[in-house]
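Reviewing the structure listed below.
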Number of protein chains: 2
Amino acid sequence: MAAELPRPEPPPSEPATPEPPTPEPATTGPSTPGTVRPGGRTARVRAAVLRAAEDALVERGFNGLDLGDIAQRAEVGRTTVYRRWGGTTALVADLLADMAEQSLPRTDSGSLAGDLRANARLVQRTLADPRQGALFRAVIVAANCDPDAAEALRHFYRRRVEEWAPCVTAAVERGEIPSDTDEFEVVRAVSAPLYYRMLTTAEPLDEAAADRAAQAATEAARAGAYRRRDA
Amino acid sequence: MAAELPRPEPPPSEPATPEPPTPEPATTGPSTPGTVRPGGRTARVRAAVLRAAEDALVERGFNGLDLGDIAQRAEVGRTTVYRRWGGTTALVADLLADMAEQSLPRTDSGSLAGDLRANARLVQRTLADPRQGALFRAVIVAANCDPDAAEALRHFYRRRVEEWAPCVTAAVERGEIPSDTDEFEVVRAVSAPLYYRMLTTAEPLDEAAADRAAQAATEAARAGAYRRRDA
DNA sequence: CCCCTAATGGGACTCCCGTTCCGTTAGGAT
DNA sequence: ATCCTAACGGAACGGGAGTCCCATTAGGGG
């Protein structure tokens, strides 16, 4: 019933991100709750609420979120959730910031095709997993409903893409692909068909789809489709 | 302020789809409203509400939808909207069914690269357009919140993909790409990077992105990345 | 160890979304 | 043209999400 893929079960105390969920602009009024005493109870509350929010997202989806329900699951006062996050979108944005911290290590197979296939299969397994898949669909929805959540989502994917870009750079150094290849574009090209399939079709997201995505990106990169064009 | 891309302004009378919005299963009770007398006023109401829903989606996004607001825009009773559609997701599903009817004709340039580039630029222009882009984001969100809307979205994309698949078949016949190429997969491969970019980055969706997507799909198809694998 | 106050939690209150009821309007068949 | 009733529209109702107020709890600096 707990998390399935990464989430290395951090100790309940000392949370991942003591940063303020919503860093108010230059308003030097009463600071947003959770920023002045971020330790101890505050941290436990944040962890419990994020965990509960993740569960709720998986079960009900984004627009089925009920902050009262989340508060109950987290065994936290309803008021607290409203005060600290203020709404479902900010809560999801905070969850995304938390997810962005947990980076899974990249493998290295020695060839571009192998590396991209490993990446494709990782993405495929994540999206095909009932829990993770539902979670990703939900956060994508949230990102399309709120600017802050959108920025958080972009940050999450920036991190993920940066994590895998070095395997493309390595391929350039090995001479597999043109030297002016945009490494980020290649990594994105691997994920894109998988997300597109998940969002617009009912066909299963299987390993064959992953391998096809990886092969397509590899061939296109070799052919120079991702070379930087100067404007 | 009206529609920008296709929508050939159908006459207010005689709407596009007199089919029932939500064909209830075998419940032979009082049939769903709009099915027994689909002409005249009922049709005008449907057209006005769908139009208003589209406007609202563009302005507020899916989760900002307010059926009361839509009813006012459409100059229709609030009760009518609730009775005929019952909720925002069913309304969006109906809108998607309506959108699926309007197929824009495919061009034919004589080469796979040219055809795919035309397709890519069409998709890019659609998603980059403020109105259409917001609309597509909104319906994607809706599809992730409701099974009926999801099915309607899949149907929409199935139509679009089928519309463009023949240009891949033609390329096969010209000997440009392997004969066992999955034509639908190729067409999807063109759109995928554009949607992925729109959803996960803040970078502009420009013509260069479209051309890159088209070129990548073309090269990958030539290299046989989309050949059918028998299981 | 003690104090100050940030942060939490319960409960009442408000407002708005969605439903229900019933009278009115207008298809469409004869 | 007339009738029957499907479909619409206004108004009142109920419930739940989000807000406010204040008492209670527990960081964390001294």
Side-chain angles (χ1 to χ4, degrees), chain A residues 12-15 18 20-22 24 28-50 52-53 56 60 62-91 94 145-146, chain B residues 12-15 18-22 24 28-50 52-53 56 60 62-92 94 145-146:
Chain A
S13 47
E14 281 310 310
T22 313
E24 285 279 313
T28 325
S31 54
T32 51
T35 60
V36 179
R37 288 180 182 172
R41 181 169 57 164
T42 297
R44 281 196 301 277
V45 166
R46 189 179 109 107
V49 170
L50 289 190
R60 313 263 186 184
F62 172 70
N63 71 338
L65 275 195
D66 176 11
L67 290 195
D69 173 57
I70 290 179
Q72 276 193 327
R73 291 173 190 251
E75 294 178 297
V76 156
R78 211 166 33 116
T79 313
T80 301
V81 180
Y82 281 108
R83 183 172 36 230
R84 284 195 53 186
W85 287 277
T88 55
T89 55
L91 181 53
D94 196 25
C145 296
D146 178 78
Chain B
S13 48
E14 281 309 310
E19 67 188 71
T22 313
E24 284 279 314
T28 325
S31 54
T32 51
T35 59
V36 179
R37 287 181 184 172
R41 179 168 60 165
T42 297
R44 282 195 301 276
V45 166
R46 189 178 108 108
V49 170
L50 289 189
R60 312 264 187 184
F62 172 70
N63 70 338
L65 275 196
D66 176 11
L67 290 195
D69 173 56
I70 290 179
Q72 276 194 326
R73 291 173 191 251
E75 294 178 298
V76 155
R78 205 164 40 109
T79 313
T80 300
V81 180
Y82 282 108
R83 183 172 34 230
R84 282 193 57 184
W85 286 278
T88 54
T89 55
L91 180 53
V92 173
D94 196 25
C145 296
D146 179 78

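Only a predicted model underlies this, so the values are computations on that prediction, with no experimental measurement involved. Reminder, nothing fancy here: chain letters follow the sequence lines and each chain counts from 1.
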Rounded to the nearest Å, what distance is computed from the [atom1] atom of residue [X] to the [atom2] atom of nucleotide [N]?
| X | N | atom1 | atom2 | answer |
| --- | --- | --- | --- | --- |
| A:Asp69 | D:dG16 | CG | P | 14 Å |
| A:Ile70 | D:dA17 | CD1 | C1' | 13 Å |
| A:Asn63 | D:dA17 | CG | P | 13 Å |
| B:Arg84 | D:dG9 | CZ | C1' | 14 Å |
| B:Arg41 | D:dC8 | CZ | P | 6 Å |
| B:Trp85 | C:dC17 | CH2 | P | 19 Å |
| A:Gln72 | D:dG16 | CD | C1' | 13 Å |

Should A:Thr80 be listed as having a side-chain N or O under 4.0 Å from OP1 or OP2 of C:dG9?
-> yes

Is any side-chain nitrogen or oxygen of A:Arg44 closer than 4.0 Å to OP1 or OP2 of D:dT25?
-> no

To the nearest 0.5 Å, how far apart are [atom1] in [X] and [atom2] in [Y]?
| X | Y | atom1 | atom2 | result |
| --- | --- | --- | --- | --- |
| B:Thr89 | B:Asp94 | OG1 | CG | 11.5 Å |
| B:Arg78 | B:Asp69 | CZ | CG | 12.0 Å |
| A:Leu67 | A:Gln72 | CG | CD | 12.0 Å |

Partners meeting side chain to side chain donor-acceptor pair (under 3.5 Å) with A:Thr80 (sequence neighbours left out) = none

Under the side chain to side chain donor-acceptor pair (under 3.5 Å) test, residues paired with A:Asn63 that sit two or more places apart | none

Should A:Phe62 and A:Cys145 be marked as a side-chain contact (heavy atoms from CB on, under 4.5 Å) after you check the CA-CA gap, both sets of side-chain angles, and the distance that decides it?
-> CA-CA 10 Å; A:Phe62 172 70; A:Cys145 296; 4.0 Å; yes

Atom pairs, protein N/O to nucleotides 12-15 of chain D N/O, distance under 3.5 Å:
from   : atom 1 : to      : atom 2 : distance (Å)
D:dA12 : N6     : B:Arg78 : NH2    : 3.4

Do B:Arg46 and B:Arg84 come within less than 4.5 Å of each other through their side chains, counting heavy atoms only?
-> yes

Is there a side-chain contact between B:Leu50 and B:Leu91 (heavy atoms, below 4.5 Å)?
-> yes

Please round to 10 degrees the angle between the axis of the first five pairs and the axis of the last five pairs in the helix from C:dC1-D:dG30 to C:dT30-D:dA1.
-> 50°

So which heavy atom on A:Ala90 is nearest to which on A:Trp85, and how close?
-> CB-O, 3.2 Å

Take B:Leu67 and A:Gly77, find for each the nucleotide of DNA chain C with the closest heavy atom, and name the residue whose nucleotide sits nearer the 5' end.
-> A:Gly77

Which residues satisfy the side chain to side chain contact (heavy atoms under 4.5 Å, CB included) test with A:Ala52, sequence neighbours excluded?
-> A:Ile70, A:Arg73, A:Ala74

Short heteroatom pairs, N/O only, protein and nucleotides 20-23 of chain C, under 3.5 Å:
none

